[in-house]
Amino acid sequence: MNNEKGDILVTGGLGFIGSHTVVELQNEGFKVVIIDNLSNSKIEVLESIATITGIKPEFVKLDLKDKKKIQDFFNNRKIEGVIHFAASKAVGESVEQPLKYYENNISTLVYLLQEMEKNNTNNFIFSSSCTVYGQADELPITENAPIKPAESPYGNTKQIGEEIIKDTTKVSNLQAIALRYFNPIGAHESVIIGELPLGVPQNLIPFVTQTAAGIREELSVFGDDYPTPDGTAVRDYIHVVDLAKAHIAALKRLIAGNNKKKMEFFNVGTGKGSSVLEVITAFEKVSDRKLNYKIVGRREGDITSAYADTSLANNELGWKSTLTLEDALLSAWNWQEKQK
Ligand code: UD1
C-alpha cells in the first residue's frame with residue numbers, strides 16, 4: 001500500500017511501543033522502515049517482528065542526533081509519513097541529566113522536522129504523554145485540560161515537543177497528530193514482543209511481573225493516603241496493542257487528509273482508572289499467584305489520579321480500546337514468564 005508515495009518511517013521502531021506499532025502497520029499493508037540507535041532496544045526485535053508478520057521491516061541503525069546521517073537517510077528515499085517514538089523516557093534520569101533529555105528528545109525532533117520539510121514529507125505522528133496535564137483539575141481528562149508546568153525535564157520535552165511541531169505546522173506543509181498516551185502496558189498476544197526494561201523497572205507493571213517471577217523481592221506500593229477510594233494512586237492502563245492501533249488510525253487520518261487542523265491532539269487511554277491495589281488484585285487473579293508487596297511512602301512527583309476522556313479519539317479517529325486491564329496484565333505476565 002502507498003509504496004509509490006513512500007514508506008512509513010518509524011523512529012524507535014524496535015522499542016516497546018514502536019515494535020508493536022510496526023507489527024500493526026505491516027498488518028495493514030504499510031511498508032515500514034525503522035530507525036533505531038539500539039540505546040534501549042535489542043536488534044533481535046527485528047526478527048521477532050518478522051516472525052509475527054512474515055515481513056522483515058527494513059532497518060537502519062541511526063542515531064537521530066547525527067544530523068548528517070539523517071540528511072543522507074532522507075536523500076536516498078521517499079518517506080510518506082513518520083511515526084516518531086525515538087526518545088529517552090526515564091523520569092528520574094531526566095532530573096539528573098536534563099541536557100541529555102533536551103538533546104535526545106528535542107534536538108533530534110528539530111533535525112527530523114527539518115529533513116521532513118526539505119523532502120516534502122508532511123505526515124507526522126508524535127508520541128506525547130498524559131504527563132502534559134500534570135494533576136488535572138477535572139477527571140476524566142479531556143484534550144482541552146490545561147497544560148500544567150512539567151514535573152521533570154522528561155515531561156517538559158513532551159510539552160516543548162508539541163509546541164515545536166505546532167509552530168512548524170503553521171508555516172509549512174507539515175500536518176501532525178500528537179497522541180497523548182496514558183499508561184501503556186502489556187505485550188503482543190503472540191508473546192514474541194513485549195517490554196524489555198533496562199535494569200530495575202521504574203514503572204509499575206514490569207515491577208509487578210518481575211516480583212511475581214522472583215527477580216525482585218517485593219513491590220513497593222508508593223502511598224496509600226491519596227484521596228482515592230482505596231488510598232492508592234489511579235492511572236489509565238492501556239494495552240500496548242490498542243495503543244499501537246491508535247497510531248495506524250492517526251496516520252490514515254493524515255494520509256487521507258481527514259484531519260480538521262494542521263495539528264491535532266488525542267488522548268489514548270481506555271477511559272477507565274485503576275488504582276495500584278486494583279492492579280495488584282487483577283494481576284493476582286490472572287496469574288494465579290500472590291504478589292509480595294508492601295505499602296511505602298509516596299513517590300516524589302507522582303500525581304493522585306489520571307484517566308482519559310477518550311471521546312475525541314473515539315469519534316475522530318474511529319479508534320477505541322478493546323482490550324481489558326486483565327488482558328494486558330495476562331499478556332505482560334506471559335511475556336515475563338517467557339524471559340527465563
Ligand atoms: C510514569 C511517568 C510518566 C511517564 C510514564 C511512562 C513518573 C512520575 N511519571 O508514569 O511521566 O509518561 O511513566 O510510562 O515517573 N508504582 C508503585 N510502585 C512501583 C512503581 C509504580 O506503587 O514500584 C505506582 C506509582 O506510584 C503510580 C502507578 O504505580 O501511582 C503507576 O506508576 P508508573 O508505571 O511509574 O507510571 P506513572 O508514574 O503514571
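Every number for a ligand or one of its atoms is a count from 1 in the order of the listing. On a predicted model such as this, the values are computed, not experimentally measured, just so you know.
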Using a 4.0 Å heavy-atom cut-off, say whether [X] meets ligand 1 through its side chain, its backbone, both or neither.
| X | answer |
| --- | --- |
| V91 | side chain |
| N183 | side chain |
| N203 | both |
| Y154 | side chain |
| F16 | neither |
| S220 | backbone |

Starting from [atom], find the nearest protein heavy-atom neighbour and note its residue, name and distance.
| atom | answer |
| --- | --- |
| atom 24 (C) of ligand 1 | V276 CG2, 3.8 Å |
| atom 25 (C) of ligand 1 | D302 OD2, 3.4 Å |
| atom 35 (O) of ligand 1 | R299 NH2, 2.8 Å |
| atom 22 (O) of ligand 1 | F222 N, 2.9 Å |
| atom 31 (C) of ligand 1 | Y237 OH, 3.4 Å |
| atom 34 (O) of ligand 1 | L204 N, 2.8 Å |

Could you list the atoms of ligand 1 found under 4.0 angstrom from a heavy atom of [X]?
| X | value |
| --- | --- |
| V221 | 22 (O) |
| A233 | 30 (O) |
| T131 | 11 (O) |
| Q202 | 20 (C), 35 (O) |
| L219 | 18 (N), 19 (C), 23 (O) |
| S129 | 12 (O) |

For residues [X] and [Y], is any side-chain donor paired with an opposing acceptor at under 3.5 Å?
| X | Y | answer |
| --- | --- | --- |
| Q71 | Y111 | no |
| N105 | T157 | yes |
| N267 | T310 | no |
| S128 | E162 | yes |
| N183 | Y307 | no |

**Prompt:** Regarding R77 and the six-membered ring of F74, is the cationic atom NZ or CZ under 6.0 Å from the ring centre and inside 45° of its axis?
**Reply:** no
**Message:** Using a 6.0 Å distance limit plus a 45 degree cone around the ring axis, check whether R298 lies over the aromatic ring of Y226.
**Reply:**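 Yes - R298 lies over the ring of Y226, closer than 6.0 Å to its centre and within 45° of its axis.
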**Asked** F126 vs F124 aromatic rings, parallel, tilted or perpendicular, using cut-offs 30° and 60°?
**Response**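 Answer is parallel, since the angle falls under 30°.
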**Message:** For D288, is the CG atom crowded, meaning more than 12 foreign heavy atoms sit under 6.0 Å from it?
**Reply:** no
**Message:** Closer than 4.0 angstrom, basic N to acidic O: yes or no for K245 and D242?
**Reply:**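 D242 and K245: not salt-bridged.
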**Request:** Check whether any N or O atom of F207, backbone or side chain, sits under 3.5 Å from an N or O atom of ligand 1, and answer yes or no.
**Result:** no
**Asked** Would one find an N or O of R235, backbone or side chain, under 3.5 Å from an N or O of ligand 1?
**Response** yes
**Asked** When you look at N37 and L62, which way does the side-chain contact (heavy atoms from CB on, under 4.5 Å) test go after all the steps?
**Response** CA-CA 5 Å; N37 70 357; L62 194 158; over 6 Å; no
**Prompt:** Testing E316, R253, E264, Q175 for side-chain hydrogen bond (donor to acceptor under 3.5 Å, both in side chains) with N259, which one passes?
**Reply:**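 Only one of E316, R253, E264, Q175 forms a side-chain hydrogen bond (donor to acceptor under 3.5 Å, both in side chains) with N259, namely Q175.
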